[in-house]
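Quick caveat, the model's predicted, so the values are computed rather than measured.
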Amino acid sequence: MPIRYTKVLLPVLTSDLEQRLARSLAEFPELADRTVTVGLTKRADGTADAEHMRIRLRIRRRRPVSYFTIGHEFTHLLQNGGLGVVPGGEVQCDVWTLARSELFLDDAPSYLCRHLWSRATWAHHAHRVRDFCLEALERRKTNRRYLVWLRGRIERHITRPRILAPEPLGTGK
Ligand SMILES: [Zn+2]
């Protein structure tokens, strides 16, 4: 699974980023016989051009590119224009990325229920949300409204009362 780097990326390529890319790509056996090109962008955390098997990443000085961002952009390569094995859409891209591997739980998804968490609170929910994503993909086999189900499930989980109400009084047996 060769990775090609663009000329503009090479000067800022660190061994940390190289390792992150290799570890992430290893989670995508579908891309094993493809050459993926990695370049730079300043417009977003990342972008993808599935037709040309190319992703672009935003490199910041102080914060490494998250596995989530890399995974999200690789997942785009599996959507329309690319391999076409994952349904199109940004929310779908998040769901398939989170479901794919725990590696990609290191940063909050960009589109799925983004109003429900911040970068800081995401870590508390990440594993549960991934479980819900896996369940949603299972449900998708028989239920086209799996994303509606998933959003509702996540919302219930996040907004559930933290303190259990006392048990209702017995009826006096
Ligand atoms: Zn995207």
Side-chain angles (χ1 to χ4, degrees), residues 1-134 136-137 140 147 150 154:
M1 53 184 85
I3 298 182
R4 245 191 83 234
Y5 299 103
T6 61
K7 276 192 189 125
V8 284
L9 179 75
L10 278 174
V12 292
L13 181 63
T14 59
S15 58
D16 175 68
L17 178 59
E18 228 173 338
Q19 274 173 26
R20 283 168 179 264
L21 283 161
R23 269 186 80 186
S24 300
L25 199 52
E27 300 288 344
F28 287 83
E30 300 95 324
L31 297 171
D33 58 350
R34 304 286 170 144
T35 299
V36 176
T37 304
V38 180
L40 269 187
T41 184
K42 286 185 173 162
R43 279 188 300 162
D45 283 342
T47 65
D49 171 3
E51 217 170 305
H52 299 103
M53 287 286 134
R54 179 196 303 261
I55 68 167
R56 293 186 175 89
L57 300 171
R58 180 169 192 155
I59 312 281
R60 293 179 168 88
R61 276 174 205 278
R62 290 169 198 281
R63 181 151 51 87
V65 181
S66 69
Y67 283 106
F68 173 79
T69 296
I70 298 170
H72 178 98
E73 301 313 334
F74 281 158
T75 300
H76 274 312
L77 305 183
L78 308 185
Q79 292 182 315
N80 319 341
L83 302 190
V85 294
V86 167
E90 289 291 356
V91 173
Q92 289 85 340
C93 191
D94 277 349
V95 172
W96 260 259
T97 302
L98 297 174
R100 182 164 291 260
S101 167
E102 291 188 351
L103 182 66
F104 302 128
L105 299 183
D106 66 335
D107 201 3
S110 328
Y111 298 90
L112 174 68
C113 296
R114 63 180 298 170
H115 62 291
L116 289 178
W117 39 66
S118 63
R119 259 210 168 91
T121 62
W122 165 248
H124 298 295
H125 307 299
H127 284 87
R128 289 292 283 159
V129 172
R130 176 164 187 263
D131 288 344
F132 297 148
C133 289
L134 286 165
L137 296 195
R140 178 173 170 263
L147 287 180
L150 177 61
I154 292 173

ask   = Does the pair Leu31 and Leu83 meet the rule for a side chain to side chain contact (heavy atoms under 4.5 Å, CB included), with working shown?
value = CA-CA 9 Å; Leu31 297 171; Leu83 302 190; 4.0 Å; yes
query = Would you call the rings of Tyr111 and His72 parallel, tilted or perpendicular, where under 30° means parallel and over 60° means perpendicular?
reply = parallel
ask   = Tell me the side-chain hydrogen bond (donor to acceptor under 3.5 Å, both in side chains) pairs involving residues 6-16, sequence neighbours left out?
value = Asp16-Arg20
request  = With sequence neighbours left out, write down each residue that passes side chain to side chain donor-acceptor pair (under 3.5 Å) with Asp106, or none if nothing qualifies.
outcome  = none
query = Just wondering, do Val86 and Cys93 contact through their side chains at under 4.5 Å, heavy atoms?
reply = no
Side chain to side chain contact (heavy atoms under 4.5 Å, CB included) between Trp122 and Val129, worked out = CA-CA 9 Å; Trp122 165 248; Val129 172; 3.9 Å; yes
query = Can you name the residues that form a side chain to side chain donor-acceptor pair (under 3.5 Å) with Tyr5, not counting sequence neighbours?
reply = none
task = Kindly compute the distance separating CG (Leu77) from CZ (Arg34), expressed to the nearest 0.5 Å.
result = 10.0 Å
task = Using the test side chain to side chain contact (heavy atoms under 4.5 Å, CB included), find all partners of Leu103 that sit at least two apart in sequence or belong to another chain.
result = Arg23, Ser24, Glu27, Tyr67, Ser101
ask   = Say you draw a straight line from OG1 of Thr75 to CD1 of Ile70; how long is it, rounded to the nearest 0.5 Å?
value = 11.5 Å
inquiry  = Return the CD to CG distance between Gln92 and Leu78, rounded to the nearest 0.5 Å.
reply    = 13.5 Å
inquiry  = Is there a side chain to side chain contact (heavy atoms under 4.5 Å, CB included) between Arg4 and Leu9? Walk through the geometry before answering.
reply    = CA-CA 10 Å; Arg4 245 191 83 234; Leu9 179 75; over 6 Å; no
request  = Hey, could you give me the CG/CD1 distance between Leu25 and Ile3, rounded to the nearest 0.5 Å?
outcome  = 5.0 Å
query = Which distance, rounded to the nearest 0.5 Å, do you find between the CD of Glu73 and the OG1 of Thr47?
reply = 6.0 Å
Least distance between heavy atoms, Leu112 atom then Trp117 atom = O-CZ2, 3.2 Å
Per-pair distances, 0.1 Å, donor-acceptor, side chain in residues 50-57, under 3.5 Å, sequence neighbours excluded:
unit_1 : atom_1 : unit_2 : atom_2 : d
His52  : ND1    : Asp49  : OD1    : 3.3
His52  : ND1    : Asp49  : OD2    : 2.8

key: Residues that Ser66 engages under side chain to side chain donor-acceptor pair (under 3.5 Å), provided they are two or more places apart   = Thr69
note = With sequence neighbours left out, the residues meeting side chain to side chain donor-acceptor pair (under 3.5 Å) with Ser118 are Thr121
ask   = Going by heavy atoms in the side chains, are Leu17 and Val12 under 4.5 Å from each other?
value = no
key: For Gln79 against Gly89, the heavy-atom pair lying closest together   = NE2-O, 3.0 Å
query = Who pairs with Arg61 by side chain to side chain contact (heavy atoms under 4.5 Å, CB included), at least two apart in sequence or on another chain?
reply = none
note = Residue set satisfying salt bridge (charged side-chain N to carboxylate O under 4.0 Å, His left out) with Glu18, at least two apart, ordered chain then number -> none
task = Quick one: which residue pairs count as a salt bridge (Lys or Arg N to Asp or Glu O under 4.0 Å) with a foot in residues 112-127, not counting sequence neighbours?
result = Asp107-Arg119
task = Kindly write out the residues that satisfy salt bridge (charged side-chain N to carboxylate O under 4.0 Å, His left out) with Arg43, not counting sequence neighbours, or none if the list is empty.
result = none
query = Looking only at heavy atoms, which two atoms of Leu134 and Ala99 are closest? And how far apart?
reply = CD2-O, 3.6 Å
key: Phe132 CZ to Leu98 CG distance, which is reported to the nearest 0.5 Å   = 12.5 Å
ask   = Counting distance only, does the side-chain N/O of Trp96 pair as donor-acceptor with the main-chain N or O of Pro87 below 3.5 Å?
value = no
message = With salt bridge (Lys or Arg N to Asp or Glu O under 4.0 Å) as the rule and sequence neighbours excluded, what pairs involving residues 90-101 come up?
response = Glu30-Arg100
